[in-house]
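FYI, side chains are in, hydrogens and waters are out, and symmetry mates aren't considered; it's all heavy atoms of this structure. None of these values were measured; they are calculated from a predicted model. To find a chain, count down the sequence lines: A is the first, B the second, and so on, and within it residues start at 1.
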Amino acid sequence: MDRSGVITLLTDFGLSDVYVGVLKGVIWGICPQARIVDLTHNVRPQDVLQGGFLLASCYRHFPRGTVHLAVVDPGVGTDRPAIAMETPYGWFVAPDNGLLIWVWEGLSRSERAASRIVELGQSRYWLPQVSRTFHGRDIFAPVAAHLAAGVSLEELGRPLRQLTLQGDVQPRVQDDGTVLGHVLHVDRFGNCSTNIEGDDVKEMAAEGSLCVDLPGHRLEGLHSTYAQVQPGQPLALIGSNGRLEIAVRNGSAAAQLGLAVGDPVRVWMRRT
Amino acid sequence: MDRSGVITLLTDFGLSDVYVGVLKGVIWGICPQARIVDLTHNVRPQDVLQGGFLLASCYRHFPRGTVHLAVVDPGVGTDRPAIAMETPYGWFVAPDNGLLIWVWEGLSRSERAASRIVELGQSRYWLPQVSRTFHGRDIFAPVAAHLAAGVSLEELGRPLRQLTLQGDVQPRVQDDGTVLGHVLHVDRFGNCSTNIEGDDVKEMAAEGSLCVDLPGHRLEGLHSTYAQVQPGQPLALIGSNGRLEIAVRNGSAAAQLGLAVGDPVRVWMRRT
Amino acid sequence: MDRSGVITLLTDFGLSDVYVGVLKGVIWGICPQARIVDLTHNVRPQDVLQGGFLLASCYRHFPRGTVHLAVVDPGVGTDRPAIAMETPYGWFVAPDNGLLIWVWEGLSRSERAASRIVELGQSRYWLPQVSRTFHGRDIFAPVAAHLAAGVSLEELGRPLRQLTLQGDVQPRVQDDGTVLGHVLHVDRFGNCSTNIEGDDVKEMAAEGSLCVDLPGHRLEGLHSTYAQVQPGQPLALIGSNGRLEIAVRNGSAAAQLGLAVGDPVRVWMRRT
């Protein structure tokens, strides 16, 4: 796979410190031609699951051969492995703490077969001095830069058969077809993304009348855009990331419906 | 007009989601050599007027031939047009919802005559799949990237005679010369920008003693820099964007004077 | 010294205004090939000391020959000098208001001897029109861009023997070896950086049992990583910036211990 020359960054470092800038300095010291882009640095501190979900929701919009560097790393300084993963879409460099679960879950069977994982062990691709508190700077950023500069996955460390941490991140499906998921992310507008795949919901909606139960609220039907309801009205639709989303037209679903990350979302079909 | 290779981004997406990163991924997929710069992504959600004002206050500091991509789009999914505008300074790509009013109002008569607008209609310059909730990603970003890569305005869609929405954004001038404007933007320091042109105020100040009336406060005189008053004192001056600004030296005018966006500002002259 | 082509930006402008974007537009108008990176723009408004500390904590992670542009400038419009400083690591462009004290203090004797300072006086390297309220745009950014494009330090203005403002930023050492410092920065995770050099603390810890006194709390011992204590427990360690840091594993030291910028930190040794 050719390198795109792009490196994306996703962390929980925030933008009030200089940590993100330091990552970029390190990267450009190794790969001066890299074009670096911030996905977000406002992942909730140490929230591995949110970070992984956001990464999975956007990496396919980047050119093939992009290197995605993700650091949400509450276990820095422990023996949690550091990994790099090659997929048909590009490379991922991250702690092996569940941060890449969403990316992995989103790959098809054949894409998984074509993917490989290594545990970062070759310190010649790290900074000369490695701290015990900032592996983003000392290990992950240098490895991402070397990958973007042409180093192959195999050179970075020994192969791993799979991600160490496997997650239970998918919604549950009951015998009667009811889907039990939850709110995964609330965006700036108050739109609430769930872990429920849009394709699954569309199938249900095609067969009958869809109901979406939230704590204290029930939404009827599946819409295709905000403008199909009146301003201020709530609706369920397939969001731009392909997942079931709860929104309020020109308003905030989180505020108006009292929704927050982790809240249960139950989707079922009233047969007509 | 030669392309500068620069694309600016201004949105209300915030920095806690990955939407801005996605725009950049899409742009680099089409125009890998583009240099992308964030103007701001913290426009208040769906505040078209604020976004347009901020864009107008800064685009002239970029090289000619820059493409300015602006997305504050509460009407996404409705039939509001999407447009691109060519001016002697560069290109603007945005929903036709008033977001470009401030840019248009700031052009001279001859600059307007040299400008052209098209409605984005040629879907070959969009992403293959267009959602109904994220035209920033699916339409605006690809079009901006194609413009930066050399596609001409005419190829993007049919000509429009003018912006669909015209705004009433200028201050009113009364018969006695009093100017009635309002606070348009409060910056991080608490400085309050108004919609009143600095040149107009300077003319008035040259003829007599200038008075600026705010709710509950009256400022006397026009200053040229913060240091002309004591720390903690309020003043009126021409801000770095060329407009009348209310400030407090080493303090926050918004907090100290209780000013907020929308508050009326009345400028008049006490003849001496 | 060869130019790296990188320009870093550190300001207190925040990200809700377009001021940072304007700096980049001005830079690219002069030096189109510059690669620009944000260190942070969330320095507390007009907090020169915090800004300088953050800059000093990260500039060495950038390639040699990088230009560092720092603007925290409460004295804009007064006669405080504007300067550029050349060091063996790269160039610094800033107001001469103490913002570069931390960088200067961190240089060795020989590095200081190899460094030079000029007062920015040659207006041909500025924008044609200079406002009295936004020298970041009109003076500092153009000068940084010219430096990155190859202009030499000497061309920018007359030499200065030293920084005008000298700071008292180092911790005090008492006769019994006790070190009296304070909290300089609280990061997003609540980790509290101090002005106490890690090397000094390590020497003390090698000789006996280290005690770190904070208002209302005493920490015992010096750790090398968060994982050496239980989740939720506080610890003292050498942070990734080389200074004594107070942290809580998987938690916020600032919140849990009630620490804030300016709080005293007393380090002493219980001889064993």
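- Counting heavy atoms from C-beta outward, A:L15 and C:H41 have side chains that stay 4.5 Å or more apart.
- Of all heavy-atom pairs spanning C:S57 and A:V18, the tightest one is OG-CG2, 3.6 Å.
- When all heavy atoms of C:R188 and A:N42 are compared, the closest pair comes out as NH2-O, 3.4 Å.
- Residue C:L55 does not touch chain A at all, counting heavy-atom pairs closer than 4.5 Å.
- Put simply, of C:D187, C:L39, C:I238, the one with the most heavy-atom pairs under 4.5 Å next to chain A is C:D187.
- Remark: A:S16 OG to C:H185 NE2 distance equals 7.5 Å, nearest 0.5 Å.
- In this structure, the portion of C:Q228 lying under 4.5 Å from any heavy atom of chain A is its side chain and not its backbone.
- The part of C:D38 that comes within reach of chain A is its backbone (N, CA, C, O), which places non-hydrogen atoms under 4.5 angstrom from that chain.
- The 12-atom threshold is not exceeded at CZ of A:R161, counting heavy atoms of other residues, nucleotides or ligands nearer than 6.0 Å.
- For chain C, the nearby parts of A:D12 are the backbone and the side chain; heavy atoms of each come within less than 4.5 Å.
- Between C:F189 and A:Y19, the ring-plane angle classifies as tilted under the 30° and 60° cut-offs.
- Summarising the local packing, CD of C:Q33 is surrounded by more than 12 heavy atoms from other residues, nucleotides or ligands at distances under 6.0 Å.
- Nearest heavy atoms, A:T78 versus C:A227: CG2-CB, 3.4 Å.
- A:D73 does not touch chain C: none of its heavy atoms, backbone or side chain, sits under 4.5 Å away.
- When each of A:P74, A:S131, A:P32 is scored by its heavy-atom pairs under 4.5 Å with chain C, the top score falls to A:P32.
- Contacts between C:V186 and chain A at a heavy-atom distance below 4.5 Å involve the backbone alone (N, CA, C, O).
- Using modelled atom types, one side-chain atom of A:R137 and one backbone atom of C:S240 make a donor-acceptor pair closer than 3.5 Å.
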Checklist entry - Do A:I36 and C:R35 pass the side chain to side chain contact (heavy atoms under 4.5 Å, CB included) test, and can you show the C-alpha distance, the side-chain angles, and the key distance before you say yes or no? => result CA-CA 10 Å; A:I36 306 173; C:R35 285 168 292 145; over 6 Å; no
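- Shown here for A:V22 and C:C58, the closest heavy-atom pair between the two residues is CG2-CB, 3.3 Å.
- Annotation: side chain of C:V37 is in contact with side chain of A:W28 (closest heavy-atom distance under 4.5 Å).
- The CZ atom of C:F62 sits 8.5 Å away from the NZ atom of A:K24 when rounded to the nearest 0.5 Å.
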